[in-house]
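For reference, the structure discussed in these notes is given below.
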Amino acid sequence: MSTAIKQPHQRELFGHPVGLYVLFFTEMWERFSYYGMRAILVLYLVAQSIGDNPGLGWTNGEALALYGWYTMLVYVASIPGGWIADKFLGQKKSVLYGGILLVAGHSILAVEQLWAFYSGLGLIIAGVGMLKPNISTMVGGLYKQGDIRRDKGFTIFYIGINVGAFLSSLIVGYVGEVHGWHYGFGLAGIGMAAGLIQYVAGLKYLKQVGNFLGTSENKIEKEAMKKPLTPIEKDRIVVLFISFLLVIVFWGAFEQAGGLMNIYASEKTNRMLMGWEVPASWFQSLNAMFIIFLGTSVAGYWAHRKLKGKLSTGLFKMIVGLIIMGTGFFFMTAASMEYESQGASAMYWLVLAYLFHTVGELCISPVALSYITKLAPLKYASLMMGVYFAMTGFGNKLAGLLGEASEQLGEFTIFTGIAVFCVGFGFLVMLFRKKLEKLTHGAEDDEHEMLEAEKYELADPDINN
């Protein structure tokens with residue numbers, strides 16, 4: 001059973017439910033707060049404890065270790081967050097409570113005390129765990145089963161994530177590095193407060209999604225909570241868990257951005273541009289900027305392939321995404337070679353690496369979100385989304401461990417090893433793709449038929465349910 005059942009008529013904007021844009025802006029501000037804080041976290045930890053803008057004076061290894069634990073726990077918390085939504089609150093209320101916890105967490109980080117630092121991190125972990133899996137599941141619930149617009153809707157939603165990430169890396173990064181780390185943390189809290197206010201104001205457009213199934217008046221939803229899983233549903237869960245292996249590997253590599261690549265940009269990259277030194281944290285905005293500009297183009301490319309009857313399944317897209325992202329690390333290999341020979345590496349290596357990472361991300365991350373809403377059983381919708389984000393958390397922890405290992409092995413070994421492993425693992429999973437896709441039992445077949453029958457164009461404003 002799909003996680004999205006047929007929805008009644010919904011008000012639409014630009015060919016999508018208005019509720020999508022409510023969730024778009026909520027997630028945009030949530031990611032503004034999260035990525036803004038993430039852009040300066042490691043830099044704050046390694047900054048000298050004395051001076052005009054003192055940090056904690058940790059070593060690179062210590063900072064990357066905390067970064068790995070923190071970013072892992074942020075996403076692992078999505079499992080209890082999803083479970084709470086499925087069993088007690090529903091997705092809509094869980095997002096609300098998560099937003100409140102996040103405002104509190106980011107605000108406490110503005111206090112210049114070590115107790116406030118750790119307390120703030122704890123509240124952010126809990127808040128992301130409540131918000132992240134449930135808001136993504138709500139996006140899938142806006143579309144009926146087989147609606148070709150769902151993948152496009154997730155891409156639009158994903159662009160919202162990265163608008164927030166792009167702005168935060170520039171604004172919070174600048175404020176944190178130049179005016180004070182805790183001013184940056186406080187600014188992230190203000191952004192989350194804006195998102196929470198916007199979400200509450202837009203709840204009137206989300207009446208049909210995110211409600212607790214235990215009190216639902218819909219007979220199909222109520223019965224789905226009580227029925228045991230069917231053999232088809234069990235097969236689809238197997239496919240999801242195998243696809244999560246791709247997720248762990250992908251994020252274990254990709255999340256070098258906030259750790260090792262962040263430090264590399266700060267310490268080993270020539271950041272002078274026309275006599276001005278580019279802040280190291282600004283490189284964090286490249287990924288988000290590329291997503292904003294390339295998001296609809298990549299989604300359109302896959303939609304065109306589907307229209308032509310070419311291979312464009314969710315699993316295939318994710319495998320291709322991993323391979324492309326892995327290839328991007330060869331540019332960091334070149335950067336480390338240039339540093340060894342000249343004492344600094346050019347900025348364009350980082351730009352090229354982030355470009356390939358972004359294209360890979362667009363093929364795997366929004367696609368995976370949509371894939372889960374197609375395959376996960378209705379009663380475990382938020383829980384399975386939580387498991388997905390937990391896998392990204394394990395990937396984040398892996399990223400931290402790899403970053404720590406660079407102190408002994410060196411950047412060349414780490415960057416090259418990541419590239420080779422990601423590309424090789426992607427091709428290995430490709431060998432088993434057809435067998436795995438048989439276990440989905442045609443979860444994406446109806447979508448193709450709808451495309452052929454109704455000639456949908458993604459984001460076509462003339463589409464109305």
query: Where does the angle between the aromatic ring planes of Phe244 and Phe241 fall among parallel (under 30°), tilted (30 to 60°) and perpendicular (over 60°)?
result: perpendicular
- prompt: In terms of ring plane angle, is the pair His182 and Tyr44 parallel, tilted or perpendicular, where the classes change at 30° and 60°?
  reply: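 Perpendicular, since the angle between the ring planes exceeds 60°.
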Could you check whether any side-chain heavy atom of [X] comes within less than 4.5 Å of a side-chain heavy atom of [Y], counting everything from C-beta outward?
X	Y	value
Trp69	Ile125	no
Met318	Tyr371	yes
Val420	Phe330	yes
Tyr67	Arg38	yes
Phe425	Leu246	yes
Val320	Phe316	yes
Ile108	Phe117	no
His106	Phe185	no

message: Distance to the ring centre below 6.0 angstrom and angle to the axis at most 45 degrees; does that hold for Arg31 and Tyr34?
response: yes
Can you tell me if [X] uses its side chain to pair, donor with acceptor, with the backbone of [Y] under 3.5 Å?
X	Y	answer
Arg305	Lys310	no
Gln256	Gly252	yes
Ser136	Pro133	no

